[in-house]
Structure formats: C-alpha cells, structure tokens
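One structure below.
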Number of protein chains: 2
Amino acid sequence: MKEDADRSSPTLSASAFDRLRQAIVAGELPPGAKINEPQLSRQFGISRGPLREAIRRLEGCKLVEIRPNAGAKVVSLNRSQVTEIYEIREALEGLACRLAARRAGAGDCLQLRQLLAEHEHQLQSVDGKHYDQQEGDLDFHFLIVQLSGNSQLFSLLCGELYHLLRLCRAQTSGIRARPARAFKEHHQIVDALERGDGELAELLMRRHICGAKETFLNELNQTITPDS
Amino acid sequence: MKEDADRSSPTLSASAFDRLRQAIVAGELPPGAKINEPQLSRQFGISRGPLREAIRRLEGCKLVEIRPNAGAKVVSLNRSQVTEIYEIREALEGLACRLAARRAGAGDCLQLRQLLAEHEHQLQSVDGKHYDQQEGDLDFHFLIVQLSGNSQLFSLLCGELYHLLRLCRAQTSGIRARPARAFKEHHQIVDALERGDGELAELLMRRHICGAKETFLNELNQTITPDS
DNA sequence: AGCAGATAAATTGTTGACAATATGAAAGAG
DNA sequence: CTCTTTCATATTGTCAACAATTTATCTGCT
C-alpha cells in the first residue's frame with residue numbers, strides 16, 4: 001500500500017476503490033484482514049465518506065464482506081469456494097470462446113499470437129518472473145473475453161471474477177506450475193478460433209480452465225492450510 | 001415507491017438499498033431514470049451519506065450506472081444487451097442444473113414439484129395474475145440454483161442477474177406468453193433431476209432459457225421501441 | 001486464579017454543511 | 001433565427017463532528 005497522493009482519478013471515492021482493490025488482489029491486504037476506516041482514511045489522506053463508498057463498491061465485486069456495525073473484511077475463500085469460482089469460470093469462458101470464434105478476424109488472432117509470443121519470451125528470458133506469467137495468463141483470457149463481444153460477460157469476468165482469482169493466487173506461494181502446458185493449450189485455443197470452430201474452442205477452454213483449477217487446488221494443498 | 005418509514009433493516013444504508021432495488025425492478029424507477037440524491041434522501045427521510053452508499057451497492061449489482069460528477073441513472077438495456085444477459089444465464093443455469101442433478105434428493109424434487117403445482121394452480125384460478133407467474137418462474141430457477149450447492153453461483157444469479165431480468169421484464173407490457181409450455185419444460189427438468197441425469201437437465205435448462213430469450217425479445221418488439 | 005459484569009476506548013453509522021462540478025436559462029453576437 | 005457565451009441554479013463530491021454500537025480493558029466476586 002503505497003502512500004502516493006492521488007492516481008489522477010476523477011473522484012476520491014474511485015481512487016480509493018482502485019487503490020484498495022489493487023492492495024487486495026496483490027495480497028497486501030490478505031484475506032480475512034479487517035478494513036479499518038480511520039486508519040485507511042488517514043493513509044489515503046481522505047475522509048471516511050468516499051472511503052466508505054469505495055468499500056461498498058468492493059462489496060459489489062465480492063472482494064470484501066460487510067457485517068453491519070462490525071465493519072468490512074477482505075473475503076477469505078476456502079477450497080470449495082475456489083472450486084465454485086472455477087466452475088463458474090469454466091462455463092463463462094467456454095461461452096466466451098464459442099462467441100469469440102464467430103467474431104474473431106485474422107487480426108484478432110494475430111494479436112493473440114503476439115501476446116502469447118511475448119509471454120513465452122518473458123518466461124524464457126527471466127526465470128524469476130513467474131509472477132508476470134500469472135498476470136500474462138489473465139491477459140490472454142481477458143483478450144478472448146473482449147473478442148466475444150458480450151459486454152455483460154466482459155464486465156462480469158474482467159470486473160469481478162478475475163480480481164477474485166488474483167486474490168486467490170496471492171494466497172499461494174507464487175511459484176507457478178505448468179507454464180509450458182498452458183502455452184500449448186492457449187495456442188490450441190487460438191487454432192480453433194482461427195478456424196472459426198466455436199465448439200472446439202469452447203471445449204478446449206473448458207479443459208484448460210479445468211486443468212488450471214486442479215493445478216491451483218494442488219498449490220493450495222502445498223501452501224499452509226488455514227482453510228478459512 | 002412507498003413513503004413508509006423503515007423496514008426494520010439493521011442500517012439505513014441497507015434499508016435504502018432494498019427499497020431502491022425494489023423500486024427499480026418493479027419499474028417504479030424506469031430504465032434511464034435519474035437517481036436524484038436530494039429528492040430520494042427527503043423521500044426516505046435519511047441523509048445523503050447512507051443513500052450514496054446504497055447507490056454504490058446498486059452499481060455493484062449493475063442496476064445503476066454512475067457517471068462521475070453527473071450522478072447515477074437506472075441502467076437501460078437494449079436488445080443486444082438483453083441477449084447478452086440471456087446468453088450468460090443460459091451458461092450459468094445450465095451449470096446449476098448439472099450440479100443440482102448430483103445433489104438433489106427426493107425431498108428436493110418434491111419441493112420443486114410442489115412449487116410448480118402451486119404456480120399452475122394460481123395460473124388456472126386467477127387469470128389476471130400473469131404477473132405473479134413471472135415471479136413464480138424465477139422462484140423455480142431460484143430453487144434450482146440453490147440446489148446446485150454452488151454458493152458463488154447463487155450469489156451471482158440470485159444477487160445480480162435475476163434482478164436485472166426483473167428490471168427488463170418491467171419494461172414489457174406484463175402480458176406473459178407461453179406459460180403452459182414453460183410449465184411443461186420445468187417438469188421435464190425436474191424429471192431429469194430426479195433421474196440424476198445432469199447432462200440432460202443442463203440441456204433442457206439451456207433450451208428452456210433459450211426459448212425464454214426468444215419469447216422475451218418478441219415481447220420487446222411488440223412493446224414500444226426506444227432501443228435505448 | 002478464573003470468570004462475570006461494568007467501564008473505557010475504538011470503530012461504525014449518520015448527519016448537516018461546504019466546495020466543486022455540471023445542468024439549464026438568459027443574454028448577446030453573428 | 002440560431003448559435004455561442006455567461007450566469008444562476010441544482011446536484012454531486014467531500015469533509016468534520018456527533019451518535020450508536022461494538023470491542024477491549026479493567027475491576028470485583030466466587
């Protein structure tokens with residue numbers, strides 16, 4: 001949580017929302033952490049009014065839980081809840097892929113390939129940056145959701161679910177498994193998109209996410225086990 | 001928008017949230033309507049602080065759109081956006097059905113049948129109450145989502161999407177088509193759930209929602225066409 | 001010592017006032 | 001007459017203080 005002044009956001013409430021969300025998904029405010037309004041208002045140099053509005057917006061993203069008269073806490077997800085999120089993600093990104101296959105042009109697929117190439121390059125050169133590979137993975141999925149053309153789906157996945165996923169990932173050690181396999185699967189998905197094969201693209205994406213779920217659950221097992 | 005004092009909610013903000021959401025999904029605050037803070041705060045007899053918090057929560061439900069320094073408006077969905085929502089709903093409720101088939105016991109299915117019987121009875125007796133049939137339809141879907149056991153899915157569908165659907169329905173004339181067909185499809189879905197056939201239950205639910213989408217889009221065409 | 005209840009501190013909920021911005025109306029130029 | 005500019009109004013954004021509730025601390029009793 002940096003103490004920098006303002007991120008040139010139109011309103012203090014929006015700025016606080018951005019900063020808080022960033023702090024949460026980065027793990028600086030770990031799951032279960034209490035949201036202390038006086039402390040944060042001092043830290044951000046703003047009043048409690050806009051801060052509370054930001055917290056209510058975070059509640060809408062399901063990143064914090066508010067208990068009346070007892071304040072807000074960063075949401076803490078146990079294994080079954082993480083599984084639930086991956087189930088939802090599988091269904092929604094499968095849909096995104098099916099839709100994207102009908103709308104993606106040659107340029108779109110090229111953009112996807114370039115993105116994958118960049119990530120592959122970053123991974124091969126600097127081995128210490130698995131962290132970025134994580135964010136890169138979301139970039140890929142982000143782009144496909146955008147290609148789907150379904151704006152409601154976009155706001156659901158990129159506005160809520162992906163942030164929840166980043167929050168979950170911040171809980172684990174940060175050591176990523178199976179980057180090579182993920183790249184292969186990503187390319188296969190683009191293959192299907194290029195052919196306009198929505199059915200296959202959906203199937204591949206669902207499998208890809210299902211595998212990611214199992215990988216992540218294994219990582220959770222190897223991490224400390226508070227189970228929240 | 002009733003002027004009654006308070007609905008015994010723990011906090012004024014939560015109370016205002018409930019009242020505003022109800023007013024929106026009931027069509028009392030129609031799509032595109034401006035959310036006037038001074039007016040509503042007078043109307044609710046509360047200060048603007050908790051009211052603003054309620055509005056930020058409504059934004060999280062996607063029921064209002066906030067433009068910085070210009071206030072909030074009730075969201076207005078055009079045909080393509082409604083289509084997008086139905087696409088998402090199809091994927092998510094398909095998932096819900098598949099999951100519910102694995103968890104639903106005999107008692108759960110009986111409860112579903114009873115619910116359907118009640119609705120069928122209401123429909124046959126009082127013909128003027130198509131309106132309730134609408135809400136009853138959501139009750140059925142609500143129960144299935146609950147049976148899925150996926151709490152994240154529940155909060156997504158019942159906390160957000162269903163309210164959006166009710167908002168959309170308030171735009172149309174209120175004259176419901178195809179109640180008989182819907183009942184038949186509902187029963188077929190319960191049939192599949194009873195047999196524990198998740199694949200079939202998902203397929204039937206997806207078809208059911210797809211049909212509901214087309215019906216609704218036709219109703220929209222017969223209504224006035226501002227297209228927002 | 002350990003626990004129950006009372007007291008004090010801290011935090012959340014709420015309010016009304018002030019500042020900044022946007023909306024709408026009136027006046028003036030082309 | 002239309003468009004632009006200016007000004008008045010209304011609304012949003014923010015703040016600091018107060019009230020209500022919860023949490024923590026400290027007694028006093030068994």
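Chain letters run A, B, ... following the sequence lines, proteins first, then strands; residues in each count from 1. Quick caveat, the model's predicted, so the values are computed rather than measured. For the numbers below, each heavy atom of this structure counts, side chains included, while hydrogens, waters and symmetry mates do not.
A:Ser47 is linked by a side-chain hydrogen bond (donor to acceptor under 3.5 Å, both in side chains) to nothing, counting only residues two or more places apart in sequence or in another chain.
Picking from D:dC15, C:dA22, C:dA17 the nucleotide with the shortest atom distance to the side chain of B:Asn69 gives C:dA22. Proximity note for A:Ile46 (side chain, C-beta onward) versus D:dT14, C:dT11, D:dC15: the nearest is D:dC15. For B:Leu12, taking side-chain heavy atoms from C-beta onward, the closest of the listed nucleotides C:dT14, D:dT12, C:dT23 is C:dT14. Counting only heavy atoms from C-beta on, B:Lys34 has its side chain closest to D:dT12 among C:dT14, D:dA16, D:dT12. Of all nucleotides listed (C:dG13, C:dT11, D:dG13), D:dG13 comes nearest to the side chain of B:Glu37.
Residues A:His119 and A:His186 keep their aromatic ring centres 6.0 Å or farther apart.
Using a 4.5 Å heavy-atom cutoff, the side chains of A:Thr83 and A:Lys213 are in contact. A heavy-atom distance below 4.5 Å is not found between the side chains of A:Leu165 and A:Leu161.
Atom NZ of B:Lys73 is separated from atom C1' of D:dT11 by 13 Å (rounded to the nearest Å). Rounding to whole angstrom units, CD of residue A:Gln43 and P of C:dT11 are separated by 14 Å. For B:Leu40 and D:dT11, the CG to P distance is 11 Å, given to the nearest whole Å. Taking atom CZ of residue A:Arg67 and atom P of nucleotide D:dT23, one finds them 6 Å apart after rounding to whole Å. To the nearest angstrom, C1' of D:dT12 lies 15 Å from CD of B:Gln39. Summarising the geometry, the separation between CD1 on A:Ile66 and P on C:dT11 is reported as 17 Å, rounded to the nearest angstrom. Taking atom CZ of A:Arg48 as the reference point, atom C1' of C:dT14 lies 9 Å away to the nearest angstrom.
Side chain of B:Asp108 to backbone of B:Gly105: a donor-acceptor contact under 3.5 angstrom is found.
Within residues 49-61 of chain B, the residues having any heavy atom closer than 4.0 Å to DNA chain D are, in order of number, B:Arg52, B:Arg56.
Under 4.0 angstrom from either OP1 or OP2 of C:dT14 there lies at least one side-chain N or O belonging to B:Thr11. Phosphate contact (OP1/OP2 of C:dT11, side-chain N/O of A:Asn36, threshold under 4.0 Å): present.
With respect to A:Arg206 and A:Glu202, a salt bridge is recorded, a charged nitrogen being found less than 4.0 Å from a carboxylate O.
In this structure, B:Arg169 is not positioned above the aromatic face of B:Phe216 in the sense of NZ or CZ being under 6.0 Å from the six-membered ring centre and within 45° of the axis.
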